[in-house]
Each structure stands twice: as C-alpha cells, then as structure tokens.
*Asks:* 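Quick one: structure below, then a few questions.
Here the structure is a predicted model, which is why all the values come from computation and not from measurement.
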Amino acid sequence: MSFIKKIFNSSTLSKNNLESVDNLKEKIKSLEKELESGYTELGKSIAYDHFNCKDKDNIDSENLLNNLKNIYEEIQNLNNEIIEVEKKAAKEKILKEKATLEKDFLKEKEKLDKALVLEDIDKAAYNKRIQELRKTIDNFEAIKKIEKHQELGILKKEEAEKKIDELLS
C-alpha cells in the first residue's frame with residue numbers, strides 16, 4: 001500500500017466514540033418505543049373523548065400530548081448529541097491521521113536522507129520525492145474533503161482521484 005493510501009484509509013469513529021453513539025442510539029430506540037406507546041394511548045384517549053363527551057373529567061389527552069412532546073424533544077436532543085459526537089470523532093480522526101502522515105513523512109525522509117548520503121539517489125530525485133511527500137501533507141485537508149465528497153456520492157471515484165492527482169501534481 002502506498003504512503004498516501006495507507007494514511008487515508010481508516011474508520012471514522014474510535015471505539016469509545018462508537019460505543020457512545022451506540023448507547024445514544026439505544027436510548028433513542030427505547031424512547032421511540034415509549035413514543036409509540038404514547039401515540040396508542042393518545043389515540044385511545046381521543047377516541048374516548050369523541051365517543052364519550054359526557055365525562056370531561058376523564059379526558060387526559062393534554063397530559064398525553066405533553067408527555068409525547070417531552071419524549072420527542074429528548075429524542076431530538078439525543079440525535080443532536082450523536083451528531084456532536086460524530087463531529088468530534090471526525091475532527092479527532094483527521095488530527096490523528098495528519099499526525100500519522102507527518103510521522104510517516106519523517107520516516108520516509110530519513111530513508112531518503114540515508115539513500116542520498118549513500119549516493120543511491122541523486123539530489124534531484126531526493127528533492128522531487130520530498131516535494132511529493134510535502135504536497136500530501138500540505139493538501140491533507142483538501143484531500144480529506146474530496147474523499148468525503150466521494151463517500152457522500154457527490155463525486156465519482158474517478159473524479160475524486162483526478163482531483164487528488166491534480167492537487168499532488
């Protein structure tokens with residue numbers, strides 16, 4: 001696997017963030033079941049209200065609606081929390097990948113330095129390779145954005161590869 005492809009192939013969420021997202025999704029499933037149950041009760045209450053208008057003290061539709069609203073709002077809050085966790089994880093992933101990329105660059109540079117000293121490569125080849133590696137680091141964010149566009153289906157694979165090649169040439 002090439003230097004560039006090795007860096008840009010990894011999962012988005014770390015184990016801890018994945019567990020956090022899974023826990024939030026489980027809470028949402030539980031609340032959605034509660035919401036479904038509330039909808040059923042609300043339907044029964046409305047039907048009762050409609051057919052038995054005589055006993056107004058037995059009408060509990062308003063409380064049911066308030067409870068459903070609270071559950072719905074909690075689901076929305078949990079969904080927002082999931083989005084924030086995923087955003088944070090994506091930022092952490094990018095920082096980690098960039099650090100790995102820079103670390104790999106230094107390793108590659110050491111190899112090239114040694115090859116230059118041993119005269120296995122000439123100065124022009126050395127400079128060319130260093131420049132190629134530096135472009136990868138300098139264009140890291142742009143490359144990640146292009147990859148994200150491909151992942152989202154905004155760009156086809158060929159288009160994404162062409163844009164990345166243009167950045168690195």
*Asks:* How about Leu112 and Leu133: do any of their side-chain heavy atoms sit closer than 4.5 Å?
*Replies:* yes

*Asks:* Taking the side chain as every heavy atom from C-beta outward, state whether Lys93 and Lys144 have any atom pair closer than 4.5 Å.
*Replies:* yes

*Asks:* Who passes side chain to side chain contact (heavy atoms under 4.5 Å, CB included) against Lys25, sequence neighbours left out?
*Replies:* Val21, Ile82

*Asks:* Going from CG on Leu101 to CD1 on Ile94, what distance comes out if it is rounded to the nearest 0.5 angstrom?
*Replies:* 12.5 Å

*Asks:* Can you tell me how far apart CD (Glu81) and CD1 (Ile28) are? Round to the nearest 0.5 Å.
*Replies:* 9.0 Å

*Asks:* Closest approach of Ser20 and Val85, non-hydrogen atoms and distance?
*Replies:* OG-CG2, 4.0 Å

*Asks:* Side-chain contact, heavy-atom cut-off 4.5 Å: Glu92 with Lys88?
*Replies:* yes

*Asks:* Is the shortest distance from a Lys or Arg side-chain nitrogen in Lys163 or Glu159 to a carboxylate oxygen in the other one below 4.0 Å?
*Replies:* no

*Asks:* Inspect the contact between Lys27 and Glu74 and indicate whether a charged nitrogen and a carboxylate oxygen are less than 4.0 angstrom apart.
*Replies:* no

*Asks:* Do Ile143 and Leu168 come within less than 4.5 Å of each other through their side chains, counting heavy atoms only?
*Replies:* yes

*Asks:* If I take atom CG from residue Asn70 and atom CD from residue Glu73, how far apart are they, to the nearest 0.5 angstrom?
*Replies:* 6.0 Å

*Asks:* A quick test of your reading: do over 12 heavy atoms of other residues, nucleotides or ligands sit less than 6.0 Å from CD of Glu119?
*Replies:* no

*Asks:* Might you point out which heavy atoms bring Glu141 and Lys98 nearest each other, and give the distance in Å?
*Replies:* OE2-NZ, 3.2 Å

*Asks:* Counting C-beta onward and ignoring hydrogens, is there a side-chain heavy-atom pair between Lys156 and Gln150 closer than 4.5 Å?
*Replies:* no

*Asks:* For Arg134 and Phe105, which heavy atoms make the closest approach, and how far apart are they?
*Replies:* NH2-CE2, 3.2 Å

*Asks:* Between atom CG of Leu65 and atom CG of Leu42, what is the distance when rounded to the nearest 0.5 Å?
*Replies:* 4.5 Å

*Asks:* Cluster question for you: counting only ILVMFWY and a side-chain heavy-atom cut-off of under 4.5 Å, with indirect links fine, are Ile83 and Leu24 together?
*Replies:* no

*Asks:* Please give me the minimum heavy-atom distance between Ala142 and Leu167, naming the atom from each residue.
*Replies:* CB-CD1, 3.7 Å

*Asks:* Nearest 0.5 angstrom please: Glu166 CD to Ile146 CD1, how far?
*Replies:* 8.5 Å

*Asks:* For the residue pair Glu108 and Arg129, establish whether any side-chain heavy-atom pair is separated by less than 4.5 Å.
*Replies:* yes

*Asks:* Run Lys87 and Glu84 through salt bridge (charged side-chain N to carboxylate O under 4.0 Å, His left out) and show every step you take.
*Replies:* CA-CA 5 Å; Lys87 279 183 189 178; Glu84 290 304 314; 3.6 Å; yes

*Asks:* List the atom pairs, donor and acceptor, that lie under 3.5 Å between side-chain atoms in residues 29-39 and the rest of the protein, sequence neighbours left out.
*Replies:*
none

*Asks:* At what distance, to the nearest 0.5 angstrom, does CG of Asn127 lie from CG of Leu116?
*Replies:* 8.0 Å

*Asks:* Whether Lys135 and Glu132 form a salt bridge (side-chain N of Lys/Arg under 4.0 Å from carboxylate O of Asp/Glu) is what I want to check.
*Replies:* no

